[in-house]
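Everything on this sheet refers to the single structure shown next.
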Amino acid sequence: MVAPWLTPSAEVRAALAAGRPVVALESTLIAHGLPWPDNLATARGAEAAVRAAGAVPATVAIRDGTPTVGLADDQLAELARAPGVRKASRRDLGAAVGLGRSAATTVSATMALARAAGVRVFATGGIGGAHRDADPFDISADLAELARTPVLVVCAGAKSILHLPRTLEVLETLGVPVLGYRTDAFPAFYVAGSDLEVSCRVETPAEAAAVFAAHVRMGGGGAVLAQPCPADVAVPADEFRGWLAAAEADARSAGVTGAKLTPFLLARLAELSGGRTLAANRALIVANARLAAEVAVALAAGP
Ligand code: PSU
Ligand code: MN
């Protein structure tokens, strides 16, 4: 069932009506997470990867107050180039729609809109979480949304800029399963592994689909399916720590907080690493889109 206040593209609407697999993709990573022109190339790469695996991509954004599920290619290109696009988390959806604004949607807002459209699988780069120092209450709305909205979020774990042990603790408190795709260790975005454990390891898209379907059947909300960053571009943890310390110091001296903090740190890390974190971010987004499509295909096939 598609909510009446939502506008899916004709292709997405037809796929949903026919029970064919659809994968939601978010737009904040296009508007705020990656620089032009890498952002457009990555968004197109993610859509192509979803199609190649047999599912329909549905990039989500708010366009002039209209919640849109399935941007056309020219709309994707416009979003990628537009300066000063708003960043909407779940909290901001009402403002964007009620006031007729355009906004890119974060993981939390994309989950909400995917759910309203009837899309069960969503791919992104890395979810938000608890920040490291700064404000102890700066915990991403992504975690609260995972608690309540039954959508499977395929990602490379939580962003390496975060306090990962606290992020996992909050997810456990909220009852959110964290599945490791062919890994026992919680992936850390640009950094392939960590010394933290996932709550369940799965080996195939069908296993991921089975765990998620059972979780939802028993009244659960969302779940995380985390796959490590592709090994050829993943960044070693010790090198990353140095760049992160410098980026955090820059954020502190520039007084950056709140919703601007994540985009600031990602951009600064890309500079400090000579583009290595950017290459990792691009590759992991496309890999996650492919895996999400495989899981969507398995879910659509049923148990
Ligand atoms: N994955 C990426 N790049 C990004 C994001 C995810 O590879 O920029 C975005 C997602 O939209 C996520 C947001 O919801 O970062 C987290 O922002 P915050 O920490 O302000 O909640
Ligand atoms: Mn935040």
Side-chain angles (χ1 to χ4, degrees), residues 24-36 38-43 45-46 59-62 79-80 85-93 103-114 122-146 149 151 153-164 166-167 170-171 187-191 222 224-230 233-235 247-248 251 256-270 276-289 292:
L25 300 166
E26 58 136 313
S27 44
T28 289
L29 64 82
I30 303 172
H32 301 280
L34 298 167
W36 167 264
D38 299 78
N39 58 352
L40 181 57
T42 307
T59 302
V60 173
I62 314 270
L79 178 81
V85 179
R86 287 185 162 83
K87 171 180 170 184
S89 73
R90 158 67 101 155
R91 170 192 79 167
D92 308 305
L93 286 174
T105 50
T106 67
V107 167
S108 64
T110 305
M111 287 182 78
L113 297 182
F122 160 32
T124 184
I127 58 170
H131 280 278
R132 276 157 46 95
D133 43 15
D135 180 352
F137 282 92
D138 187 353
I139 298 175
S140 178
D142 296 355
L143 304 188
E145 198 62 35
L146 276 159
T149 300
V151 167
V153 180
V154 183
C155 57
K159 283 201 252 320
S160 335
I161 57 174
L162 299 166
H163 195 300
L164 296 180
R166 287 183 197 152
T167 299
V170 174
L171 286 170
F189 198 50
Y190 309 134
V191 180
V224 172
L225 174 61
Q227 117 168 297
C229 179
V233 287
V235 171
E248 286 174 334
V256 180
T257 57
K260 293 199 164 60
L261 182 58
T262 294
F264 179 93
L265 290 174
L266 298 184
R268 200 65 197 103
L269 285 164
R276 285 177 60 196
T277 59
L278 179 56
N281 203 352
R282 289 187 54 166
L284 66 85
I285 288 168
V286 174
N288 295 341

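In each ligand, atom 1 is the first atom listed, and ligand 1 is the first ligand listed. Just so it is clear, the model here is predicted, and its values are computed rather than measured. All values below were derived from every heavy atom in this structure, side-chain atoms included, with hydrogens, water molecules and symmetry-related copies excluded.
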For atom 8 (O) of ligand 1, the protein heavy atom that lies nearest, with its residue and separation: G33 CA, 3.4 Å
Numbered atoms and elements of ligand 1 in range of T124, under 4.0 angstrom, heavy atoms: 1 (N), 6 (C)
Shortest protein contact, atom 11 (O) of ligand 1 (heavy atom only): E26 OE1, 2.9 Å
Backbone or side-chain N or O of H32 under 3.5 Å from ligand 1 N or O: no
Atom pair CZ (R90) and CD (E145), whose distance is rounded to the nearest 0.5 Å: 4.0 Å
Contact check: S108 vs ligand 1, nitrogen or oxygen atoms, below 3.5 angstrom: no
Side chain to side chain, R166 and I139, heavy atoms closer than 4.5 Å: no
Shortest protein heavy-atom distance from atom 1 (N) of ligand 1, along with the residue and atom involved: G126 N, 3.1 Å
Donor-acceptor pair, side chain of H131 and main chain of T262, under 3.5 angstrom: no
A251 versus L265, closest heavy-atom pair with distance: CB-CD2, 4.1 Å
Distance-only N or O hit between ligand 1 and K87, under 3.5 Å: yes
Derivation and outcome, side chain to side chain donor-acceptor pair (under 3.5 Å), residues S89 and T106: CA-CA 5 Å; S89 73; T106 67; 5.1 Å; no
Closest approach of any protein heavy atom to atom 7 (O) of ligand 1, naming residue and atom: N281 OD1, 2.8 Å
Rounded distance [0.5 Å steps], CG in L162 versus CZ in F189: 9.0 Å
Point-to-point distance, once rounded to the nearest 0.5 Å, from CG of L93 to OG of S108: 7.5 Å
Nearest-0.5 Å distance, CD1 of residue I127 to CG of residue L171: 5.0 Å
Distance from atom 15 (O) of ligand 1 to nearest protein heavy atom, with residue and atom: K159 NZ, 2.9 Å
Exercise: do T124 and E26 side chains pair donor with acceptor under 3.5 Å: yes
Nearest protein heavy atom with distance in Å, relative to atom 4 (C) of ligand 1: L29 CB, 3.7 Å
Nearest non-hydrogen protein atom, atom 12 (C) of ligand 1: D142 OD2, 3.4 Å
V153: which of N288, L146, T110 passes side chain to side chain contact (heavy atoms under 4.5 Å, CB included): L146
Euclidean distance, N281 CG relative to L34 CG, rounded to 0.5 Å: 5.0 Å
Pair D38 + R282, salt bridge at N-O below 4.0 Å: yes
Ligand 1 contact on L266 by region, counting heavy-atom pairs under 4.0 Å: side chain
Contact summary for A80 and N39, nearest pair of heavy atoms: O-ND2, 3.0 Å
Atom 19 (O) of ligand 1 [closest protein heavy-atom partner, distance rounded to 0.1 Å]: T262 OG1, 2.7 Å
Proximal atoms of ligand 1 relative to H131 (non-hydrogen, under 4.0 Å): 19 (O)
V107 N/O under 3.5 Å from ligand 1 N/O: yes
Distance below 2.8 Å from the Mn ion (ligand 2): protein N/O/S atoms: D138 OD1
F189 neighbourhood, listing ligand 1 atoms whose heavy-atom distance to it stays under 4.0 Å: 2 (C), 7 (O)
Per-atom contacts of ligand 1 with T106, taking only distances under 4.0 Å to non-hydrogen atoms: 11 (O), 14 (O)
Nearest-0.5 Å distance that lies between atom OG1 in T277 and atom CZ in R268: 11.0 Å
